[in-house]
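Worksheet for the structure shown next.
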Amino acid sequence: MPDIVLSEVESRRYLEKSGISMNRFVFVPGRDELIELTRTLRFPLVMKLISPKAVHKSDIGGVLLDIANENELLTGWDTLFANAAAHGIRPEDIEGINVQEQIRGVGEILIGLKRDATFGPVLVLGSGGILVELLKDVALGICPLNDNDIDRMLRKIKGSRLLEGYRGKTKGDMDALRVLIKTVSDMAMDMDDWQEIDLNPVLVGPEGQGAFAVDARVVIRRENG
Amino acid sequence: MDSSRIALDALFHPRSMAIIGASEKPGSFNAGKTKLLLQHYKGTLYLVHPKHSVIFDQQTFPSVLDIPDHVDMALIMVPAPQVPQVVEECGQKGIAIVQILSGGFGESGDEGRKMENALKESARRWNMRIVGPNCIGTYSPSEGIWLAEGSSSVSGNVGFISQSGGLAVDFVVRGNSMGLRYSKFVSIGNCIDLDHADYLEYLANDPETEIIGLYLESVKNGRRFMEILKKITPHKPVVILKGGRTDAGMAATSSHTGGLAGAYDIWQAMFEQCGVIEVTSSEEMLDALLALQLIRPSAGGVAMLGNGGGATVLATDSCMEEGLRFAELSEETKEELCGCSKSISDHNINPIDLPAMDLGRENGRVFGRILKLFADDANTGYILFHLNLISFTNQGDLEGITARFTEEVIALAQSGANILAVLRYSGCPAIENVRCAMAQALGEHGIPVFMTLDDGLRAIRFVNNLPQREVCHA
């Protein structure tokens with residue numbers, strides 16, 4: 001039996017339990033609840049289409065950024081449904097819209113987990129956003145990771161220099177990133193039902209402003225369930 | 001843990017050993033093994049065979065149970081279907097550990113796996129440990145336990161664990177011929193009982209072993225293996241050659257991470273995390289072990305002398321690429337070097353390349369003098385000399401001049417110089433004889449010899465990158 005790929009919303013709920021730092025979000029199943037449910041979130045917001053038919057959301061116009069007010073939320077809802085329809089996704093295939101607080105990061109990074117048959121949980125750091133697979137600027141570590149391991153891995157990826165103030169760029173909150181990596185590594189050891197996890201991207205804010213996973217995918221092992 | 005330590009003591013230092021499946025049948029593997037151990041093993045050897053009463057003029061017992069005295073270790077070489085019975089008898093006899101060389105078990109299918117389970121069951125019942133099956137034996141020079149013809153009887157400080165039997169022979173014989181000296185060597189086979197982690201832990205605590213090499217394809221308990229590695233590497237360098245590095249089966253995955261972390265990428269991460277020295281060929285393995293055994297780590301730079309301008313330029317590049325640096329020699333040393341040969345001037349000091357004619361001057365004394373000046377300079381950490389012997393053929397007596405060079409280098413090494421040789425391979429048969437003789441003479445005196453300049457510089461890198469050694473309280 002194949003493993004189960006959780007949706008972004010399900011993945012977030014899974015990760016929340018382990019204290020993984022994520023931007024705040026609300027899942028909205030219907031347009032009539034949109035304003036009410038998102039009242040606690042702070043603008044600007046991001047809207048993401050949630051449908052099993054749309055695995056790569058951004059490819060079909062399923063992600064809207066910079067939503068500044070309630071009006072834009074409502075028109076955003078209609079735009080996402082229209083974009084979906086243009087790609088053959090019917091309204092009944094749409095579970096709802098994920099609305100989340102937009103994070104301004106100085107840079108982004110991928111944090112992933114993979115379960116290796118020999119060594120167990122392996123944590124992957126990668127840079128390059130959507131180019132991560134092309135650039136292969138990655139560092140691996142076998143969990144649990146200690147502070148030295150995390151520093152060594154961060155030194156190894158070139159992309160982390162962009163977060164450390166390369167050529168006058170704003171410095172990222174490296175301490176928050178280290179804490180996040182450590183939390184993911186600890187979670188990897190504590191939970192044994194996952195098979196693979198992507199936190200991609202993790203946005204690293206300016207110093208003192210944290211690091212947050214803004215998208216996530218958790219794959220659950222079927223045989224364990 | 002303790003039971004494996006006692007058993008492995010009996011494996012490497014048995015006072016008595018039984019060969020079950022001893023043979024004198026010409027050309028057979030079993031006869032070769034029997035003869036090798038009869039010739040070299042220092043303890044008491046018992047031969048076991050169900051039918052023969054005498055093999056190689058020695059009394060033979062029908063079963064281990066017929067041996068009148070205690071037996072520490074048994075070597076089992078009978079066909080697979082007979083192994084379970086024989087192992088059960090070894091248990092009854094009170095033998096601490098058996099090595100099963102026979103193949104035809106887990107590696108050949110379900111039937112074999114069933115037999116393996118029976119063996120494990122026997123071993124557990126009698127509190128006996130198993131090496132193998134499907135392995136080629138051990139090499140323990142201090143006890144005269146030879147792995148193959150061509151093993152050395154001299155002990156050293158390198159312990160080795162090999163998952164391949166064929167490569168085990170290569171590592172022992174080629175290593176010995178390069179001057180590498182082992183403390184203990186074990187071919188581990190299918191690891192149905194003792195596994196990588198057990199052998200590694202044993203070598204970690206073995207006072208004879210200061211350097212550890214491993215050839216492996218897979219490990220059973222990866223996490224325990226890692227924990228042991230982490231504990232060893234601050235005290236003893238560990239070099240690993242992993243077979244099966246390419247990802248034939250990088251399965252389709254549902255995440256980015258899956259595709260970013262190939263199986264060997266994970267092994268490399270493990271090496272880095274545990275402070276393991278990674279090598280990717282058996283040649284590199286032997287070079288690394290030889291370097292770790294014979295070259296001392298030093299804070300100083302490399303001082304290099306040899307013939308060949310282009311070779312020296314390329315070596316300079318390699319030196320930088322390996323993260324090494326040439327020694328900045330003192331003004332006094334430079335002045336004296338200039339006095340050694342009119343071909344040396346301020347701008348070609350270290351690395352120094354001299355034509356063969358100049359190196360050979362005064363019957364090899366110029367060569368020796370330059371190396372001595374290197375050695376006496378406090379900034380020198382490693383001395384590397386390289387020779388392409390083909391250029392010396394014009395000088396006449398090639399054997400004579402190489403013998404002189406050898407004397408100079410041995411004298412220097414005996415006075416404590418940290419020196420290594422690169423005797424460049426030219427492929428010319430007449431020269432090869434001389435080259436091999438020189439390599440052997442140097443090797444016998446503890447001077448490591450490499451085939452190419454790149455190999456020599458890489459060897460220095462292995463030693464130079466070692467972490468500050470912690471004192472070992474074994």
Side-chain angles (χ1 to χ4, degrees), chain A residues 2-6 11 55 110-146 148-150 152-153 155-157 184 188-189 194-201 215-221, chain B residues 163 188 191 195-197 200 214-231 233-234 238 240 242-276 278 323 465 467-468 470:
Chain A
D3 294 328
I4 307 160
V5 182
L6 301 187
S11 296
V55 179
L110 171 148
I111 302 177
L113 286 175
K114 172 177 179 158
R115 200 176 280 283
D116 180 68
T118 303
F119 298 111
V122 177
L123 189 141
V124 181
L125 292 183
S127 82
I130 56 166
L131 300 181
V132 63
E133 270 142 310
L134 179 67
L135 301 176
K136 263 225 143 193
D137 182 24
V138 294
L140 277 60
I142 293 159
C143 303
L145 300 174
N146 61 31
N148 284 338
D149 296 328
I150 293 171
R152 185 175 42 75
M153 289 169 71
R155 271 199 307 276
K156 197 167 170 185
I157 53 174
V184 173
M189 299 306 292
W194 60 270
Q195 183 60 31
E196 281 173 13
I197 292 178
D198 276 346
L199 305 181
N200 186 27
D215 200 352
R217 180 176 304 172
V218 174
V219 181
I220 298 291
R221 290 206 279 189
Chain B
Q163 197 164 346
I188 62 177
C191 296
D195 65 18
H196 299 77
L200 193 57
L214 280 123
Y215 169 78
L216 50 82
E217 288 161 11
S218 58
V219 293
K220 283 211 168 124
N221 186 344
R223 297 196 75 87
R224 180 168 165 242
F225 184 69
M226 264 185 83
E227 290 315 310
I228 296 170
L229 277 176
K230 274 189 200 164
K231 277 189 224 144
T233 55
V238 178
I240 297 184
K242 161 83 172 73
R245 291 191 300 273
T246 48
D247 267 322
M250 184 100 121
T253 52
S254 337
S255 68
H256 283 284
T257 307
L260 289 172
Y264 193 63
D265 298 327
I266 294 171
W267 276 90
Q268 283 180 306
M270 189 280 278
F271 294 155
E272 223 170 290
Q273 233 168 314
C274 298
V276 166
E278 175 197 6
N465 287 357
Q468 209 69 21
E470 291 172 24

Please tabulate, for side-chain N and O atoms in residues 116-128 of chain A, each donor-acceptor pair with protein atoms closer than 3.5 Å (sequence neighbours left out).
residue	atom	partner	partner atom	Å
A/Asp116	OD2	A/Thr118	N	3.1
A/Asp116	OD2	A/Phe119	N	2.9
A/Ser127	OG	A/Asp137	OD2	2.6

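Residues satisfying the side chain to side chain contact (heavy atoms under 4.5 Å, CB included) criterion with B/Asn465, sequence neighbours excluded, are B/Arg461.
Of the two parts of A/Arg152, only the side chain, counted from C-beta on, holds a non-hydrogen atom closer than 4.5 Å to a non-hydrogen atom of chain B. Contact of B/Met226 with chain A is made through the side chain alone, with heavy-atom distances under 4.5 Å.
With respect to B/Asp265 and A/Lys136, a salt bridge is recorded, a charged nitrogen being found less than 4.0 Å from a carboxylate O.
By the neighbour-count criterion of 12 heavy atoms within 6.0 Å, atom NZ of B/Lys230 is densely surrounded, having more than that number from other residues, nucleotides or ligands.
When all heavy atoms are compared, the tightest approach of B/Ala269 to A/Gly141 is CB-N, 4.3 Å.
Looking only at side-chain heavy atoms (C-beta outward), B/Arg223 and A/Ile142 come within less than 4.5 Å of each other.
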